[in-house]
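Below: the structure, in structure tokens.
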Amino acid sequence: MVTEPVHVTVVFAGQSESWAKWIDHQVRAAGRTTTLVRWNPLRRPPAAHALTDLLGAPGRILLVIDDWYERLGAERFEAWASVLRQVLPGFRERIAAVSVTAQPLPAEVAPLAPVELRGLRPELARVRVLECAAVPAPGTLIDLRRGPRFPDDPPEVWRVPRRNRRFIGRTELLEQMYAGLAGTGSEGATLALRGPSGVGKTQLALEYAHRFAGEYDVVWWITAVQRVTARQQFADLAPELGVRDGGDLAATIKAVRRELGSVRRITDGARVGSLRR
């Protein structure tokens, strides 16, 4: 008789936190206990013990695979690939993997047969996650609108410049930003990025907006170099929020601020915050 695992450890890299939390929520809603483990191969030595210590967690291990491997140099990538080939076969009965990247996966993770979650409807993604976690689907329907937003769903209101695909590094700063805004809950927060011109504050804010977009209902980019431009761009948010534009800029701005502050627009699982650079 095979005993179903009662505990699931969800392992993720820092940039996959939104996905990991959504997966964790689905597993817990299905009646299993979970542990979230942030594990970043960029900060660890490519040695077998670094992986065996991680895989020593009890129960089922669910790996969330993103494109972290693209941030490794050729030598370090090959070192980690060797570790994966050496260690994974001994844990295959307890490990499953899901992929949340649109990039081709390296051959070294192919034996895990990662299940792709991007491009799916939340209901199907949830079914696949539970299958990977070896958790029977609950007999009752779950309202997926409650709890964390499905990370592949865009925010309800979105206007942000195109993502810089060449952005690399700064993982610790992004995680600090996330922690600073996440810790305030529905009360909201303002986070200011400070530093000399050209250090990359704008690119950091842009990467944050794209990376954690799934956790917000409204993501609206405002260019604040000139006050008049910033005021107009803020007022442009009015129709997206269902606020009537009476033709008076100052009145429109007040109405938008009032709407953003309304608790009626703060839904379960949403986060409120703003970035300044």
Side-chain angles (χ1 to χ4, degrees), residues 4-41 43 51 53-68 91 94-101 109 112-155 171 174-186 208 211-217 266-273:
E4 294 178 354
V6 296
H7 189 85
V8 178
T9 299
V10 181
V11 181
F12 68 101
Q15 67 180 32
S16 304
E17 185 157 351
S18 299
W19 281 99
K21 287 185 174 180
W22 186 85
I23 290 168
D24 179 76
H25 179 81
Q26 307 314 315
V27 175
R28 285 189 288 106
R32 294 293 187 266
T33 59
T34 63
T35 302
L36 272 174
V37 176
R38 184 194 303 272
W39 189 80
N40 192 338
R43 304 179 192 169
L51 201 55
D53 291 347
L54 171 71
L55 300 180
R60 188 76 165 173
I61 298 170
L62 185 56
L63 301 179
V64 183
I65 300 177
D66 59 28
D67 55 2
W68 59 263
F91 291 86
R94 296 179 50 231
I95 296 178
V98 295
S99 169
V100 297
T101 176
V109 301
L112 293 174
V115 172
E116 176 63 54
L117 297 185
R118 284 193 179 276
L120 301 180
R121 294 183 57 82
E123 295 81 5
L124 180 55
R126 177 175 179 272
V127 169
R128 291 192 176 181
V129 162
L130 295 182
E131 288 176 350
C132 288
V135 177
T140 57
L141 294 177
I142 301 294
D143 186 356
L144 293 181
R145 294 171 298 179
R146 301 184 66 85
R149 181 196 300 278
F150 184 54
D152 213 25
D153 284 346
T171 301
L174 287 164
E175 292 175 0
Q176 289 173 18
M177 293 166 63
Y178 181 87
L181 292 173
T184 60
S186 61
Y208 181 92
R211 185 172 297 192
F212 298 106
E215 301 198 29
Y216 295 84
D217 290 333
I266 300 174
T267 57
D268 290 336
R271 180 160 295 124
V272 181

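- Nearest heavy-atom pair, Leu62 versus Ala133, reported as atom, atom and distance to 0.1 Å: CD2-CB, 4.5 Å.
- Residues meeting the side-chain contact (heavy atoms from CB on, under 4.5 Å) test with Thr35, sequence neighbours left out: His7, Thr9, Val37.
- Judged as a side chain to side chain donor-acceptor pair (under 3.5 Å), and not counting sequence neighbours, the contacts of Arg28 are Asp24.
- The two residues Ala134 and Arg60 come nearest to each other via the heavy atoms CB-NE, 4.1 Å.
- With sequence neighbours excluded, no residue forms a salt bridge (Lys or Arg N to Asp or Glu O under 4.0 Å) with Arg128.
- Under the 3.5 Å distance criterion, the side-chain polar atoms of Arg94 are matched with a main-chain donor or acceptor of Leu55.
- Legend: residues meeting salt bridge (Lys or Arg N to Asp or Glu O under 4.0 Å) with Arg118, ordered by chain and number and at least two apart, are Asp152.
- Checked options Ile23, Val64, Val98, Asp66; the residue passing with Phe12 is Val64 (criterion: side chain to side chain contact (heavy atoms under 4.5 Å, CB included)).
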### Query
Is there a side-chain contact (heavy atoms from CB on, under 4.5 Å) between Val10 and Trp19 once you walk through the steps?
CA-CA 10 Å; Val10 181; Trp19 281 99; over 6 Å; no
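- Taking Ala97 as the reference, Leu63, Ile65, Leu112, Pro114 meet the side-chain contact (heavy atoms from CB on, under 4.5 Å) condition, with sequence neighbours excluded.
- Contacts of Ala125 classified as side-chain contact (heavy atoms from CB on, under 4.5 Å), with partners at least two apart in sequence or in another chain: Trp22, Leu117, Leu120, Phe150.
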